[in-house]
Asker: 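Sharing a structure here in structure tokens format.
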Amino acid sequence: MIDEKGQIAVDFLLGISLFLIALIFIVQFIPSLFLSGSAGESSLDYTAYRTAAILAEDTGWWGNSTSSGTAWEAHPDNVMRIGLAVDHEPESKLTNTPNLLSKDKIERFMMLNESDIIEKLGLYNNVDGAHFSYGYNISILQISQNNTPLILNNTPITLGEATPHDRETSKITRIVLVETGTIAYFDAEELPIDPNPPVKKSKTILNVTGPLSDDVKLYIDNFDITGTDPSFNKLVLDGTNLSENIDYTTYKIVNGTVLPLNSTGNFDNNSTVVFSLKSGLFNNFHTYQLEIEFKDVQFTNTASPFMDYTQELEVLCEPAYLTVEVWN
Amino acid sequence: MRQLFKNEEGVSTIVEYMLFTLICIGFFSIISINAEDIFINDPNDVVMKDEMTDIGNMMSTMITDMYLIVPPNGNIDTEYRTPVRAGREEYTIDADIAYEDQIIEVISQSSGKKVRVTIGGIATTMPINGTVSSSSTNHMISYDSRR
Amino acid sequence: MNDKAQLHTLEGLAAAVLMTMTVLMITNSTMMVTPQNEMAIDVQLKQMASDALTVIDIVPKSSAQSNNAPILHNLTACVASWDVTEEATYPVNTLDNLEDGLSYLLPNVLYNVDLAYVENGNITQKKVIIKGSPGKSAVVARHFVTLTNQTVSDMNGTWNLDDDELRVVEVRLTAWKV
Amino acid sequence: MESLRKDTKGQWIALSGLVLSLIIIGLAALANQAAMAGYHSSNAALEFPKENIRELNLHTRDNAKIIKDLSFEINKTSNESIPDIYTQLFKNYSSQIEKLHAIHGETVDVSLVSINSTNGTYGINDIDIIFVNITYNDGRTHYESKPEVIEVGA
């Protein structure tokens, strides 16, 4: 091999064998790309879909050897299925109000242990009889608060782990109405003038019968405004002045928009004034008297029987997003 | 003969041919031994797993959706279509184990491959049963409150 | 040794590495960008659209006035308030109270709303919210409301129903993503 | 052209081009099949008319109550009996809902079975349960609720 011509072909040989090796590698490698990608992924999309459907549209079910019903939140030991929809007829299996979530059920749902949730919602993969649970995150997000978790009883409603950023997840979002508490609506024209001295036309009184488990949410609208500075002065409960931001918070709603209102801010006759009082103030079996004093506002009703907060109670529902996110 | 050994012209061409043939034989033998696996079985496994998971999911999703609207007195039935083959094999959808394990199973008879899909907890309140083979023509899920 | 053209070999090597990396990168990045397949996105959108109508339909009157959302009326009241003579022409919508609620519940989604009802035995279809022409992947959700003269006059609508008449109106929401 | 035909160099390149293209076709077919998966499950979720059936059902339930209230209103100024007015209004409702479903190619039948009152009279507080038959058919899904029991009591 003294003649060094023609060796150029060896380069070509080396090249083509490298190419062939790379080709074999790629052909073997590509199927495994698909395997890791789509199969597991599309399966999880529907796991999330089913879970969200069951949570938002079903009432859940409990049962033991003698009886059964949809009020599983009252029978946590015999839960057969978890569903959050409100049900007014506990004996029938279906709800007439899908997408309306019950506060009691959500609170009970938060207390269930992890293995129950995974088991009951089917958030696992069954490989030859062995269960491998998926990672999951189920949250109820407030649309009005930039999609932060809804807070019920001082607990943010979010279950499971935080969403991992380093892998693919399957997420489904449902729009729901959540019962967040109770409210009472009062028309300022119907509220009586406080007859206790010193009598002021701008002062009204309301009975609140304790004990209460939910915060008091008081909505007053249709004000009769008499001056240039209609505002709210103070709240007095059984003779004690309440302090703002500690015992209560207040705001106003104008055309569906929530605006801040403190004890010096103004409102007008289009505003609904809202007081939110801590339930802890009403712990005893006792009828509390709540005096509400305004400025440049007059109450006209002199008829005496005080209105009772607890008799005007209605459920307050907030629209929210229910998100279910599942990953491997 | 001596002449032949002395003449070194064309050697590289011969060596080139030899090397070339060797490499080609090597390559094609690897390919032909593994061809079945590489080009047919592996992709088929992937596609089968995908399709079977998909079909299991379809069943599970339909049953869940249907459960959410079943009439208290009455019936509901829905037809659905499934492909005759997943990959290259026929398969059976089996919902009979749903009661105890909340699972729908899609099994291929010929290779025994199976995929299991969970259903979200409705089997405990509503018995789900039935098996169907992909090769049968009419597929239907039905519910009747009176049965 | 002929050490010419070594660059060709290196070039081949580099090309192979480059190709493999590109394939890897593309497959990885597309999976990151589209974690859900296209059909699953349709399912999500359809679910959202029908949820939005359901939520507006079932919101109780007291909550509509007092919660933090711009949903001031339920679906029946929204439709009742519509001025029958005013059909929407892009970009003017004629059912603002429904539009407020929908845009709050469905951010980043475009939609049209049509009303369909039976009048003197014939189907009438009217557009009330137009946000554009629906794309290929548009989904449709629909709900029905029943109007009586009472519900209409409560909302100052102009449906002109008789006192003994009831009218079923189909609210059709066509939603799509851009 | 002639020079191209006579030039027999580069056969290897031509051959490898052929092989490569065959391989790429195979992979494309595989990728296509993989992309097809996910079609059935989403198809089921998109095509199963869950929301339509539920809306028909819930709206009929709501309507049974609206019609009850309206019949009492009408009864104040008319000498027809409440059950008669109710039946007429319900017929009117079902013809409207049937027409509205027909535009979407769905066959719907909503018909009143009976108006029930526990004490036999038909005053505002007496009518408590309405029986209605609801059927829905979109060609693939067939739904029948016979009867749907609707409580309309106060």
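Proteins come first, then strands; the chains are lettered A, B, ... in the order of their sequence lines, and each starts at number 1. Just so you know, these numbers come straight off a predicted model, no measurement behind them.
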Asker: Just so I understand: if I count every heavy-atom pair under 4.5 Å between each of D:Ile66, D:Asn63, D:Leu56, D:Asp62 and chain C, which residue has the most?
Answerer: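 The option with the most such pairs is D:Asn63.
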
Asker: Run the side-chain hydrogen bond (donor to acceptor under 3.5 Å, both in side chains) check on C:Glu170 and D:His104 step by step: do they pass?
Answerer: CA-CA 11 Å; C:Glu170 179 191 318; D:His104 303 285; 2.9 Å; yes

Asker: So which part of D:Ile103 gets closer than 4.5 Å to some heavy atom of chain C, the side chain, the backbone, both or neither?
Answerer: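 Side chain only.
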
Asker: I'd like to know if the side chain of D:Ser78 reaches the main chain of D:Asn75, judged simply by a donor and an acceptor atom lying under 3.5 Å from each other, with no hydrogens or angles considered.
Answerer: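 Here the side-chain-to-backbone pair does not exist.
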
Asker: Can you tell if the side chain of D:Leu112 reaches within under 4.5 Å of the side chain of D:Thr87, non-hydrogen atoms only?
Answerer: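 Yes, side chains in contact.
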
Asker: Using heavy-atom distances under 4.5 Å, tell me whether C:Asp57 contacts chain D through its side chain, its backbone, both, or neither.
Answerer: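 Looking at C:Asp57, just its side chain touches chain D.
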
Asker: Any chance you could measure D:Asp109, atom CG, to D:Ile134, atom CD1, to the nearest 0.5 Å?
Answerer: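 Between D:Asp109 CG and D:Ile134 CD1, I get 10.0 Å after rounding to 0.5 Å.
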
Asker: Just by distance, with hydrogens left out, do D:His101 and D:Thr107 show a side-chain donor and acceptor under 3.5 Å apart?
Answerer: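 No.
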
Asker: Answer with side chain, backbone, both or neither: which region of C:Thr146 has an atom nearer than 4.5 Å to a non-hydrogen atom of chain D?
Answerer: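 For C:Thr146, the contact with chain D is made by backbone and side chain together.
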
Asker: Is it the side chain or the backbone of C:Ile123 that comes within 4.5 Å of chain D heavy atoms, both, or neither?
Answerer: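 The side chain, not the backbone.
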
Asker: How long is the gap from CD on C:Glu11 to CG on C:Leu18, to the nearest 0.5 Å?
Answerer: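 Output value for this atom pair is 11.0 Å.
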
Asker: Just verifying a value: how many Å separate D:Ser71 OG and D:Ile82 CD1, rounded to the nearest 0.5 Å?
Answerer: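 One finds 7.0 Å between OG of D:Ser71 and CD1 of D:Ile82.
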
Asker: Against chain D, work out which of C:Leu166, C:Thr151, C:Thr54, C:Val169 has the most heavy-atom pairs shorter than 4.5 Å and name it.
Answerer: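 Looking at each option in turn, the highest pair count goes to C:Leu166.
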
Asker: Taking side chain as everything from C-beta outward and backbone as N, CA, C, O, which of these in C:Asp163 sits under 4.5 Å from a heavy atom of chain D? Side chain, backbone, both or neither.
Answerer: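 Just its backbone gets close to chain D.
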
Asker: Please report the C-alpha distance between D:Leu89 and D:Ile74 in whole Å, then the side-chain angles of each, then the deciding distance to 0.1 Å, and finally whether the side-chain contact (heavy atoms from CB on, under 4.5 Å) criterion is met.
Answerer: CA-CA 10 Å; D:Leu89 283 173; D:Ile74 297 172; 4.0 Å; yes

Asker: Can you tell me which portion of C:Gln47 sits under 4.5 Å from chain D's heavy atoms? Options are side chain, backbone, both or neither.
Answerer: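 Side chain only.
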
Asker: Where does C:Val140 contact chain D at under 4.5 Å (heavy atoms): side chain, backbone, both or neither?
Answerer: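 Answer is neither: C:Val140 stays 4.5 Å or more from chain D.
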
Asker: Tell me whether the rings of D:Tyr86 and D:Phe90 are parallel (<30°), tilted (30 to 60°) or perpendicular (>60°).
Answerer: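 Aromatic pair D:Tyr86/D:Phe90 classed parallel.
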
Asker: Could you please state which residues from residues 110-117 of chain C sit under 4.5 angstrom from chain D, measuring non-hydrogen atom to non-hydrogen atom, sorted by number, or 'none'?
Answerer: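 Counting heavy atoms that sit under 4.5 Å from chain D, the residues of residues 110-117 of chain C involved are C:Ala116, C:Tyr117.
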
Asker: For residues 135-147 of chain D, please give each side-chain donor-acceptor pair under 3.5 Å, one per line with the distance, not counting sequence neighbours.
Answerer:
unit_1, atom_1, unit_2, atom_2, d
D:Tyr136, OH, D:Glu106, OE2, 2.8
D:Asn137, OD1, D:Gly139, N, 2.8
D:Asp138, OD1, D:Arg140, N, 3.1
D:Asp138, OD1, D:Thr141, N, 2.8
D:Arg140, NH1, D:Glu47, OE1, 2.1
D:Thr141, OG1, B:Thr78, OG1, 2.8
D:Tyr143, OH, D:Asn57, ND2, 2.8
D:Glu144, OE1, B:Asn75, ND2, 3.2
D:Ser145, OG, D:Glu148, OE1, 2.6

Asker: Quick check: under 4.5 Å, non-hydrogen atoms only, which of residues 81-89 of chain C neighbour chain D?
Answerer: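 Expected list: none.
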
Asker: Taking D:Leu70, D:Asn92, D:Leu58, D:Ile85 one by one, which has the highest count of heavy-atom pairs under 4.5 Å against chain C?
Answerer: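 Counting heavy-atom pairs under 4.5 Å, the top option is D:Leu70.
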
Asker: Inspect the surroundings of CG in C:Asn108 and state if more than 12 heavy atoms from other residues, nucleotides or ligands are less than 6.0 Å away.
Answerer: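 Not buried by this count: 12 neighbours or fewer within 6.0 Å.
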
Asker: Counting distance only, does the side-chain N/O of C:Trp159 pair as donor-acceptor with the main-chain N or O of C:Val79 below 3.5 Å?
Answerer: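 The answer is yes, because a donor-acceptor pair under 3.5 Å joins these two groups.
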
Asker: For D:Leu100, is it the side chain, the backbone, both or neither that has a heavy atom under 4.5 Å from a heavy atom of chain C?
Answerer: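 For D:Leu100, backbone and side chain are both near chain C.
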
Asker: Give a yes or no on whether a salt bridge exists between C:Lys131 and C:Glu99, defined as a side-chain N under 4.0 angstrom from a carboxylate O.
Answerer: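 Salt bridge between C:Lys131 and C:Glu99, a charged N being under 4.0 Å from a carboxylate O: yes.
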
Asker: I'd like to know if the side chain of D:Asp84 pairs up with that of D:Gln88 as donor and acceptor (distance under 3.5 Å, no hydrogens or angles considered).
Answerer: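 No pair is found: no donor N or O on one side chain lies under 3.5 Å from an acceptor on the other.
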
Asker: Look at C:Val139, C:Val145, C:Asn149 and state which one has the largest set of heavy-atom pairs under 4.5 Å with chain D.
Answerer: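 Looking at each of C:Val139, C:Val145, C:Asn149 in turn, C:Val145 comes out on top.
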
Asker: Please list all pairs meeting salt bridge (charged side-chain N to carboxylate O under 4.0 Å, His left out) that have one or both residues in residues 73-83 of chain D, counting only residues at least two apart or in different chains.
Answerer: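 Listed once each, the pairs are D:Glu73-D:Lys76.
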
Asker: Quick one: which of D:Lys50, D:Arg54, D:Gln96 has the most heavy-atom pairs under 4.5 Å with chain C, could you say?
Answerer: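 Ranked by contacts with chain C, first place is D:Gln96.
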
Asker: Could you walk me through whether C:Val55 and C:Leu105 pass side-chain contact (heavy atoms from CB on, under 4.5 Å), step by step?
Answerer: CA-CA 9 Å; C:Val55 162; C:Leu105 295 176; 4.1 Å; yes

